[in-house]
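The chains referred to below are lettered A, B, ... by the order of the sequence lines, with proteins before strands, and numbering in each begins at 1.
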Amino acid sequence: MLDSKYIEENMDKVRGKLAERGAEIDFEEFWALDRGRKEIIKKVEKLERERNIGSKKVGELRREGKKEEAQELQEEMKRTSVQIKELGELRARAEEAFRNFLLTIPNISHDSVPVGGSDADNVEIRKWGEPKDFDFEPKDHVEIGKDLDILDLDRAAKITGARFALYKGLGARLERALINFMLDLHTNEHGYTEVLPPFMANTDSFIGTGNLPKFEEDLFKIEGTDFYLVPTAEVPVTNIHRDEILKEDELPIKYVAYTPCFRSEAGSYGKDVRGIIRQHQFNKVELVKFSNPDSSYEEHESLTENAARVLELLGLPYRVVLLCTGDMGFSSAKTYDLEVWVPSENTFREISSCSNFEDFQARRASIRYRPKDGSKVKLVHTLNGSGLAVGRTVIGILENFQEADGSVTVPEVLVPYMGGVTKISN
RNA sequence: GGAGGGCUGGCAGAACGGCGAUUGCACCGGUCUUGAAAACCGGCGUCCUUACGGACUUGGGGGUUCGAAUCCCUCGCCCUCCGCCA
């Protein structure tokens, strides 16, 4: 959520910035809602003042034994009270309409973000590693998984439906090994605190991160409750500190969390239907930071590096891409995507998305800190990034490290997590 | 699922339905000091207003009342006990 005062004072900039990302804001409506809200607030508060003074006076008159005067004033205040109640309802509606309007406006991009309409305008920042030159026809992960009997998509479809996976044997072990490896790396080497949050969260939490009210169709809701399955650990973890005032000394707070992620994938019918690239349920290790606003962009860079380190240790070729205005998520001010090399597609595919949300989520979720110098409490900046998406990491490993004989070499760093297994083969 | 107790400011903890929440601790600033501590003074939630001011805020929402932290209803959460259960 943007600061309404900021919008008022920087109308042209806001208009331009939002246009860059393909979002239009109806300023006529904004002004109308804002003006309406302020007018009604003024009226109500004037009446409330009268009532407060009047009521106090009633008490005084009674104590002085002036019963009749008290009675008279009481009658008058009763009428005032009725008016307040009526206007109060209008006020509530006006404020809600204003807030709802603000909740549907996306974040403003950082000045370093390139302007563009689609992923074609994203900017490659750097590349790491060399895609392997296979001297045989490489298979895709579906074939590899089937041939090694570690991935059974047909039976998963029987259990649930399309876009679900059943890992078996060393496939299941590989998934678990990756989760543990990533958690150990980020806690031991990068200073994150491990958390294991609920896999469902309530409406307030989803509003806090910006997933609601606008993107409900992307979520699975639990019938008969106020709970949704989390589409990313970002939701529960960012909301750990919702409605809190943190100490400046505590910042930055860094969490790493493993959760499964559940996404309805509405609107992606027919896209990535083969394999486990796009699933209704997948595992992810997520990095989340709560930062001092002054240093959030440094924290963004280091968070991205922390995620990239996973790929480097695994030996998977990747590139870093700076998303353009048109390709960024609703809540983000700046996003780097990490893309892993996928031999079967002869291209890079997103495996991590690292964003700085500045105070956009913090304002929605009311996450603030108390500056050391005693000045007014301020909103923190929130950041997060996948560290990494586990299913897609499995794709990377199976496809990049496949051998001519159909086996897959286990990256050295994972061997201890695989119980000493160095090669997955029949 | 049943019975009971609770929810107040960053924390602790008061407040017969009536001058719009007493106090302590923590934190920040100032005075004092060579420096620090102590002491003293001030500050330390949100909104409206150029300002002066004003309104709101005792878990959320609603009700009773001239007036609600206080009474009633409802939802949420925490604690204790019973039942069931991985």
Measuring only the [atom1] atom in each nucleotide, how far is [N] from [M]? A whole number of Å is fine.
| N | M | atom1 | answer |
| --- | --- | --- | --- |
| rU74(B) | rG2(B) | P | 13 Å |
| rG29(B) | rC78(B) | P | 38 Å |
| rA12(B) | rC7(B) | C1' | 15 Å |
| rU70(B) | rU58(B) | C1' | 10 Å |
| rG76(B) | rG30(B) | C1' | 44 Å |
| rC77(B) | rC84(B) | P | 24 Å |
| rU31(B) | rU22(B) | P | 28 Å |
| rU8(B) | rG61(B) | P | 16 Å |

Quick one: label L73(A) by what it contacts on the DNA or RNA (base, sugar-phosphate, nothing), any heavy atom closer than 4.0 Å.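 Result for L73(A) = nothing.
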
Counting only Watson-Crick or G-U wobble pairs whose two distances fall under 3.5 Å, which nucleotide matches [N]?
| N | value |
| --- | --- |
| rC81(B) | rG2(B) |
| rG76(B) | rC7(B) |
| rC19(B) | none |
| rA14(B) | none |
| rC71(B) | rG63(B) |

From C-beta outward on [X], which listed nucleotide comes closest to its side chain: [options]?
| X | options | answer |
| --- | --- | --- |
| S55(A) | rC66(B), rU64(B), rC48(B) | rC66(B) |
| R91(A) | rU49(B), rG45(B), rA55(B) | rA55(B) |
| R62(A) | rG18(B), rA55(B), rU49(B) | rG18(B) |
| K85(A) | rC47(B), rU64(B), rA55(B) | rU64(B) |
| V377(A) | rC47(B), rC66(B), rU46(B) | rU46(B) |
| V58(A) | rC48(B), rG18(B), rC56(B) | rG18(B) |

Tell me: [atom1] of [X] to [atom2] of [N], nearest whole Å?
| X | N | atom1 | atom2 | result |
| --- | --- | --- | --- | --- |
| R79(A) | rG67(B) | CZ | P | 13 Å |
| E72(A) | rC66(B) | CD | C1' | 13 Å |
| E45(A) | rU46(B) | CD | C1' | 11 Å |
| R93(A) | rG62(B) | CZ | P | 13 Å |
| K46(A) | rC52(B) | NZ | P | 20 Å |
| K5(A) | rC47(B) | NZ | P | 6 Å |
| I84(A) | rA68(B) | CD1 | C1' | 14 Å |
| I367(A) | rG10(B) | CD1 | C1' | 17 Å |

Relative to the 5' end of RNA chain B, which residue comes earlier, E95(A) or F227(A), by the nucleotide with the nearest heavy atom?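 So the residue in question is E95(A).
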
5′-ward residue of the pair G59(A)/E75(A) relative to RNA chain B: G59(A)

Looking at [X] versus [Y], is the centre-to-centre ring distance below 6.0 Å?
| X | Y | result |
| --- | --- | --- |
| F262(A) | F199(A) | no |
| H381(A) | F360(A) | no |
| F290(A) | H241(A) | yes |

Report yes if a side-chain nitrogen or oxygen of [X] is closer than 4.0 Å to either non-bridging phosphate oxygen (OP1 or OP2) of [N]; otherwise report no.
| X | N | value |
| --- | --- | --- |
| R51(A) | rC56(B) | yes |
| N52(A) | rC56(B) | yes |
| T80(A) | rC66(B) | no |
| R37(A) | rC48(B) | yes |

With salt bridge (Lys or Arg N to Asp or Glu O under 4.0 Å) as the test, would you mind laying out the steps for R263(A) and D218(A) before giving the verdict? CA-CA 6 Å; R263(A) 299 185 180 180; D218(A) 295 338; over 6 Å; no

Step-by-step salt bridge (Lys or Arg N to Asp or Glu O under 4.0 Å) determination, K38(A) to D34(A): CA-CA 6 Å; K38(A) 284 176 179 168; D34(A) 195 31; 3.4 Å; yes

Let me confirm one number: the NZ-CG distance from K57(A) to N52(A), rounded to the nearest 0.5 Å.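 Here the interatomic distance stands at 15.0 Å.
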
For E72(A), which residues count as a side chain to side chain contact (heavy atoms under 4.5 Å, CB included) partner, sequence neighbours excluded? none

Could you walk me through whether M182(A) and T393(A) pass the side chain to side chain contact (heavy atoms under 4.5 Å, CB included) test, one step at a time? CA-CA 11 Å; M182(A) 292 178 196; T393(A) 308; 3.7 Å; yes

Donor/acceptor link under 3.5 angstrom from K56(A) side chain onto base of rG20(B): yes

